[in-house]
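Presented below is the structure to which this report refers.
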Amino acid sequence: MQPDTSAPRLAKENSERSDLRARFARHIALQEIGLAGQQKLGAASVLIVGAGGLGSPAALYLAAAGVGTIGLVDHDRVDISNLQRQVLYTTAEIGAGKAATARARLQALDPALRVEAHEVKLGGGNIERIFGRYDVILDGTDRLAVRYLINDACVLLRKPLVSAAIHRFEGQAMTYVPGQGPCYRCLYPASSDALVPNCADAGVLGVLPGVMGSLQATEAIKLILGIGEPLLGRLLVYDALSLAFNEFRFRRRSDCAVCGDSPTITRIASAEEELLSTIQEWTPQQLANELRDGREDELLLVDVREPHEWAAGRLPGSVHIPLGTLAQRTGEIPSNRTPVFICAVGGRSMAACRYFAGLGRNAINLAGGVTAWSSTYGAPPRPEHEHHH
Ligand SMILES: [Zn+2]
């Protein structure tokens, strides 16, 4: 048995809910949980960052399990393309705010729960106030900058973190417990990991986050109860195509920027600010204006999409460096020109910007990518001389 790491507040005798024994009979029947464990769950609080593909199953199972306080951070609205995997939402809720919609769904499941909707964009300015109120943090975001921010905040605020990520047919998960194991930055210290497209760009099997989000809920419940072996220093990798779970062991790095022996990240906002200060985001209109004003000699339009996307049409004057090859080909972007990274909707290009920021170079992201450009200026032309791959 693991020591109880999440320090949940013990339920007060007089706050025991009337339906406790009936509703949670199958938990109470487990020797490892019992009535005392169920009361611990009722007294515990879990924050889920991102009420999306991972956050949906995690929130539903934590609510069903009787975790007394559940927080949801999301500032997005329900989109029809979310419904393929975000099982908290229905067709009737398209266009509604995710956090508030999810709260209503969880309250319907169990009206005795306290569910808090945080409809904000998580950042250095609000993360400490929000995280401070919860025992365990679940990271269900799909943006890498936020993933590092959450990790750093959990290390600095000494909060247990259950992290998961999904990509195409593959999922990853790991758990961080302060003082007991390595953090996410120990696993992926450098921003080269930024060269991973998010699922808005890359596609994802809809049921995949169902598996990974359920694993996150499992870890949170174990941490609250202090039972079993958490995913400490172990990266769990799930490959849905081969239906295989693999595990990679990793250690705390003494040179880790946030949990190492002499950390360089000592405040929550610093990592985010340092990385993002060299990145600008331009709308298609801003880019068009800059090009019209004759700044093309100072800029280099770099399209980081895959070859088939590039072949279907590209912005005039752009060069093609697929995201996966950027690390090897940074030399093709002259130091006297600032790259304007371009992809389909702006996710992969932001990853490219982050990579460049990590190298200490300025970079500009075309917000909304070719999709946004096309809606303003029409679809970019297909190349005159088609290359065959
Ligand atoms: Zn670390």
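Atom set for the values below is all heavy atoms of this structure, side chains included, hydrogens, waters and symmetry mates excluded. Note that ligands are numbered from 1 as they come in the structure, with each ligand's atoms numbered from 1 the same way.
Close placement of the Tyr184 and Tyr148 rings is indicated, their centers lying within 6.0 Å of each other.
Arg103 has no carboxylate O lying under 4.0 Å from a charged side-chain N of Asp74, or vice versa, which leaves the two without a salt bridge. Using a 4.0 Å cut-off between charged nitrogen and carboxylate oxygen, Asp135 and Lys159 do not count as a salt-bridge pair.
Around the Zn ion (ligand 1), protein atoms of type N, O or S found under 2.8 Å number 4.
Each ring pair (Phe, Tyr, Trp, His ring centres under 6.0 Å) pair with one or both residues in residues 206-260, not counting sequence neighbours, appears once here: Tyr238-Phe245.
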Can Gln86 and Ser56 be said to form a side chain to side chain donor-acceptor pair (under 3.5 Å), step by step? CA-CA 6 Å; Gln86 300 183 14; Ser56 287; 5.4 Å; no
Tell me, with the steps shown, if Arg292 and Asn289 meet side chain to side chain donor-acceptor pair (under 3.5 Å). CA-CA 5 Å; Arg292 197 190 53 218; Asn289 290 342; 3.3 Å; yes
